[in-house]
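Accompanying notes for the structure given below.
All residue numbers refer to positions in the sequence shown, counting from 1. Only a predicted model underlies this, so the values are computations on that prediction, with no experimental measurement involved.
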Amino acid sequence: MAGISSNPNSPRQKMINLMYLVFIAMMALNVSSEVLDGFELVENSLRTSTENSTMRNNQVKENLDRAYEANAAKVGEWYNKGVDVKTQSDELFDYINELKLRIAQEADGKEGNINDIKQKDNLEAASHVMLAPVAGEGRKLKERIENYRENMSDLIGDSSKKAMFESLLSTAVPKKAGIISGSWEVALFENMPVAAAITLLTKMQSDIRYVEGEVLSTLITNVDVDDYRVNKVEAFVIPKSQIVTSGTPYEAELVLAAIDSTKQPQYYLGETLLAGNRIVIPTSGVGDHTLAGKIVAEGQTYNYEAKYFVNELSATIAPTRMNFLYASIDNDIEAAMPGVPSGSVRPSVSSGRINHKEKNTWTITGLDADVSQTVTVTLRANVGGREISESKEFIVRRLPPPLPFLSYKDADGNVRKFTGGAISRRNLVDIGGVQAAIDDGVLNVPHTVTGFTMTIVDGMGNYIPEVSENGNFTQRQKDYIKNLARGKRFHIGQVKALDPAGKPVSVSYSMEIIVN
């Protein structure tokens, strides 16, 4: 009967358990190099957008400076506010740049460079810099963004712009499917790859420059340009976004700085006269694109040029647990197409069924590993009048075998799972039977126990099996447990169970129980 006894606390068994948990963690944290390279592509585009916004803001600030030089008494109030806006924006922008550098150096060492990150998939660096218990910068960043947002909102009277600032610089806790985050900083930076964290911070910098530009533009409109001489007028292109998805239009507005709004200029895209100052052009072909034209006002011609980036439309299809699906249970996946409303995305599966759960989360059911080893998830949507689709194939795996356990309440009333070893008689007597589940930190799948064998040793040293035809202790088993002396032991093995789909599974693991 030695084969029935398997000590889960042996060094060999501990090593096996540890290797299994490490393997599961590696699978759960697997991030493809293509995704990390995608973050670098977006990072570069955001930098270009931020640089363009900075140039535009500097030009608007220069116009305000010239107005102040021409009429300090009238323009002084707006000039001082403009200086304050520029100072606050630069300080917050530079602070975020310092955080990016610290994260890069945390990942790559003191020679780390935010423009050439080596360990893009490092999951610890961002958490260490932003979420450290005492020196973590996450809470400080949140407070500084909130102060900046409030200060900028106080400088303008346009309620729609205030709402836009609230959205762009929001520090509300993001809601993720199935996850309740404790704080804004934890939701953004906990277990975040370095590539993603850097891109996220760069996006914040881009938003800061955008807000800065909106406030400066509002301030300069409060200055009557008729009261002073304007010695420089320039044309600008204000895009709705400098990164667009292939198949969706590029939209922008053409503006002429320091011109009387009662005089309507003529706007050209290339040599084509436009009906207004709004540009809407179809997009195709992935990569950098340039548009150019001119604005004619009061007999003067002002040329403009702007660059934008067209990104290939791609779908996100990913399980919420791992990079594969399990048979016999419900599998949640996140399925979305950037730039496409979730209600317009139509998913389908090659096997089983798929149903909408919430927002971009869908549930796949009815998978059977005995019938199909793989399943293909396809997303379809109509974008710009054309049908597009994206597919991804997943391996379908059988559930790992469950482990048996005894459930009891400790002295504080907390439910505990006991899988073998020493246990007090009081707790043991209160246990009604044997349970089984897969509970490895990733999966939590209860099974229904349909039978088990309790092996006892009588006074003569004979091993006597007592069989239960369900998950509960029989009366004979209960009587034996009540009469056990301290230090005595018995075994529970040959556990049989049904998985969530009702299929029978055998549990090879057995428990050795010692009365404490």
Side-chain angles (χ1 to χ4, degrees), residues 5-11 13-22 24-25 28 127 131 133 173 175-183 186-187 190-191 320-322 326 329-330 332 399-452 454 468 470-475 477-493 495-500 505 507-516:
S5 175
S6 177
N7 184 2
N9 295 313
S10 67
Q13 189 62 42
K14 287 181 178 180
M15 180 61 69
I16 292 174
N17 293 342
L18 179 60
M19 291 175 65
Y20 177 72
L21 291 175
V22 170
I24 291 298
S127 295
L131 305 176
V173 179
K175 296 181 180 179
K176 303 178 182 179
I179 300 176
I180 300 176
S181 301
S183 64
V186 169
E190 186 175 47
N191 294 325
T320 57
R321 292 192 185 98
M322 297 184 182
Y326 280 113
I329 64 171
D330 295 347
D332 287 346
L399 286 171
L403 293 178
F405 65 91
L406 305 180
S407 179
Y408 70 94
K409 290 185 178 180
D410 61 18
D412 297 324
N414 300 314
V415 177
R416 302 293 184 184
K417 288 184 178 180
F418 176 75
T419 58
I423 185 173
S424 69
R425 181 196 300 277
R426 180 179 62 80
N427 289 331
L428 189 58
V429 170
D430 292 337
I431 296 172
V434 178
Q435 302 178 55
I438 303 170
D439 188 0
D440 55 12
V442 177
L443 295 173
N444 185 6
V445 183
H447 285 54
T448 302
V449 176
T450 59
F452 65 92
M454 185 173 79
S468 173
N470 51 48
N472 300 323
F473 287 123
T474 66
Q475 189 59 48
Q477 291 171 337
K478 291 179 181 178
D479 292 341
Y480 176 77
I481 292 173
K482 291 179 181 178
N483 294 325
L484 282 174
R486 185 173 183 178
K488 294 296 182 180
R489 64 188 66 197
F490 62 92
H491 298 86
I492 292 178
V495 179
K496 299 178 180 179
L498 299 176
D499 68 15
V505 294
V507 182
S508 59
Y509 180 82
S510 63
M511 294 185 289
E512 181 183 50
I513 301 171
I514 305 170
V515 179
N516 188 1

Next on the checklist: List the residues meeting salt bridge (Lys or Arg N to Asp or Glu O under 4.0 Å) with R425, not counting sequence neighbours, and say none if there are none.
Outcome noted: none

Checklist entry - What residues, two or more places apart in sequence or in another chain, satisfy salt bridge (Lys or Arg N to Asp or Glu O under 4.0 Å) together with D410? => result R416

Item to check | Note, P402 side chain near V507 side chain (heavy atom, < 4.5 Å) | outcome: yes

Next on the checklist: Quick one, F452 with I492, criterion side chain to side chain contact (heavy atoms under 4.5 Å, CB included). Give me CA distance, side-chain angles, the key distance, then yes/no.
Outcome noted: CA-CA 7 Å; F452 65 92; I492 292 178; 3.9 Å; yes

Next on the checklist: The criterion is salt bridge (Lys or Arg N to Asp or Glu O under 4.0 Å); which residues satisfy it with K417, sequence neighbours excluded?
Outcome noted: D439

Checklist outcome for this item: Hits for side chain to side chain contact (heavy atoms under 4.5 Å, CB included) against L403, two or more places apart or cross-chain, chain-then-number order -> Y509

Item to check | Gap between atom CD1 of I438 and atom CG of D499 - 0.5 Å precision | outcome: 8.0 Å

Item to check | Pairing residues for T450 by the side-chain hydrogen bond (donor to acceptor under 3.5 Å, both in side chains) criterion, not counting sequence neighbours | outcome: none

Item to check | Listed partners of P401 passing side chain to side chain contact (heavy atoms under 4.5 Å, CB included), at least two apart | outcome: none

Item to check | Under the side chain to side chain contact (heavy atoms under 4.5 Å, CB included) test, residues paired with R486 that sit two or more places apart | outcome: N516

Checklist outcome for this item: Separation between CG (L399) and NE2 (H447), nearest 0.5 Å, reads 5.5 Å

Next on the checklist: I'd like to check the ring pair (Phe, Tyr, Trp, His ring centres under 6.0 Å) partners of F405; sequence neighbours left out, ordered by chain and number.
Outcome noted: none

Next on the checklist: My understanding is that only residues two or more places apart in sequence, or in another chain, count here; which of them pass side chain to side chain contact (heavy atoms under 4.5 Å, CB included) with N472?
Outcome noted: N470

